[in-house]
Amino acid sequence: MKAEISENRKHFKACCNIFEKNGQVYLELEMPGVSKENLEMKIENDILYIHGKKTVNTDKGRFLLKEVREGDFYHEFTLDNTIDRNKIEATLSKGVATIVMGIKESEKPRKIEINSK
Amino acid sequence: MALIKWKNKDLYDPWDDFRNLQNEINDLFNTDRSQGYTGLFDRNFSPAIDVIESENDYSVVCELPGIEKKDIDLTLASNVLTIKGSKKDDSEEKKGKYFKKETWTGSFQRTLPLPAAVNADMISADLKDGVLTVRLPKKEEAKPRSIDVKIK
């Protein structure tokens with residue numbers, strides 16, 4: 001997927017939080033300026049690709065202060081076998097994308113009963 | 001009378017060279033630093049801001065992902081725009097094990113002095129996708145006007 005992204009725009013990694021709660025893995029990515037149409041997520045060969053295009057501000061004028069980095073967000077995450085591919089959901093709100101991935105049932109910690117003879 | 005905060009850019013200011021050097025060093029370490037931290041020396045969070053001046057107005061663009069409208073406080077006092085607010089995080093106990101935490105939480109404040117007089121009644125602000133855009137139209141007398149020169 002990296003080859004499909006145009007070389008004109010720089011891309012960098014978004015700030016991300018990764019945590020695990022209730023048997024699910026949550027991935028939060030801060031992508032300000034990215035709306036739902038410009039966000040693309042794809043899983044291919046155990047790699048999760050995330051590409052978000054920022055809406056470019058086309059105001060003309062003189063910059064008095066320029067701190068906002070220009071460029072799109074691009075991230076690659078490797079998913080291992082503990083993630084259930086069918087249980088992935090993503091939401092986008094206020095510029096923050098939250099991806100919830102379910103862990104496979106077989107990988108969750110299980111109690112093992114001891115049979116005494 | 002408002003204090004004039006912007007210096008004449010053509011005058012030579014000896015501190016400019018030092019400031020440029022510090023900015024360059026900050027930029028060196030800035031390339032893959034996460035947004036929000038401006039350089040090595042600043043430890044407080046400060047959101048990234050762009051200020052664009054066109055003929056008729058100023059646009060101020062501020063990146064504030066994950067923040068609700070009610071948590072932002074935007075005020076204007078004699079040509080100084082202040083953006084402040086706080087970013088809440090759900091209490092740490094609710095969340096499970098963290099593997100990585102790069103986002104920031106807490107309060108922030110940015111103040112921006114604007115060079116020309118601004119028409120306070122016609123200011124508008126939008127918050128969309130985590131980006132706050134404030135438009136401040138300039139007052140009539142502050143807009144650039146061409147003056148006809150009559151030759152006698």
Side-chain angles (χ1 to χ4, degrees), chain A residues 10-39 52-71 73-75 77-78 80 82 91-98 100-101 103 108-109, chain B residues 6 9 26-27 30-39 46-69 71 87 89-90 92-105 110 112-116 127-133 135:
Chain A
K10 253 191 337 188
H11 38 262
F12 39 77
K13 291 188 173 181
C15 289
C16 69
N17 283 344
I18 307 179
F19 56 93
E20 182 184 325
K21 186 170 98 157
N22 299 340
Q24 289 175 316
V25 178
Y26 288 74
L27 175 62
E28 278 178 357
L29 287 158
E30 284 200 344
M31 293 193 277
V34 174
S35 50
K36 207 164 73 118
E37 305 81 57
N38 289 333
L39 180 60
K53 284 208 271 275
K54 253 197 209 179
T55 38
V56 182
N57 197 0
T58 48
D59 285 347
K60 295 204 190 343
R62 189 163 70 101
F63 275 97
L64 294 178
L65 184 58
K66 185 174 191 313
E67 292 171 3
V68 174
R69 281 155 73 188
E70 283 183 358
F73 298 103
Y74 177 73
H75 234 143
F77 289 102
T78 310
D80 65 358
T82 58
T91 49
L92 177 65
S93 132
K94 298 179 280 187
V96 177
T98 309
V100 183
M101 296 180 272
I103 300 180
K108 290 189 184 158
Chain B
W6 286 79
K9 292 206 161 44
N26 279 350
D27 281 342
N30 235 359
T31 40
D32 42 41
R33 197 165 271 279
S34 44
Q35 298 182 332
Y37 290 103
T38 47
S46 72
I49 292 193
D50 275 354
V51 178
I52 304 161
E53 175 180 7
S54 69
E55 269 195 12
N56 297 328
D57 61 9
Y58 292 104
S59 304
V60 175
V61 174
C62 182
E63 293 203 323
L64 296 168
I67 298 185
E68 318 235 345
K69 208 166 61 162
D71 292 328
K87 184 173 177 193
D89 187 23
D90 301 329
E92 292 302 314
E93 295 80 66
K94 282 199 329 196
K95 299 231 158 111
K97 253 194 319 187
Y98 264 95
F99 293 105
K100 199 181 226 205
K101 186 175 193 306
E102 289 173 359
T103 59
W104 59 279
T105 51
R110 291 290 303 256
L112 305 165
L114 299 167
L127 180 63
K128 180 175 186 295
D129 292 330
V131 176
L132 174 71
T133 309
R135 280 198 197 277

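Note that these values count all heavy atoms, side chains included, but never hydrogens, waters or copies made by symmetry. Chain letters run A, B, ... following the sequence lines, proteins first and then strands; every chain starts at 1.
When atom types are taken as modelled, the side chain of B:D129 and the backbone of A:G95 share no donor-acceptor pair closer than 3.5 angstrom.
Taken from OH in B:Y98 to NZ in A:K21, the straight-line distance is 9.0 Å, to the nearest 0.5 Å.
Comparing B:S54, B:C62, B:G66 by heavy-atom pairs within less than 4.5 Å of chain A, the highest count is held by B:G66. The candidate with the highest count of non-hydrogen atom pairs below 4.5 Å against chain B, out of A:V96, A:V25, A:V34, A:L92, is A:V34. Most heavy-atom pairs under 4.5 Å with chain A: of the set B:V131, B:D50, B:V60, this distinction falls to B:D50.
Closest heavy-atom contact between A:K94 and B:I67: CD-O, 3.7 Å. Across all non-hydrogen atoms, the minimal contact from B:R110 to A:L65 is NH2-CD2, 3.9 Å. Contact detail for B:A48 and A:E67: the closest heavy-atom pair is CA-OE1, 3.5 Å.
The environment of A:K36 atom NZ is sparse: at most 12 non-hydrogen atoms of other residues, nucleotides or ligands sit within 6.0 angstrom.
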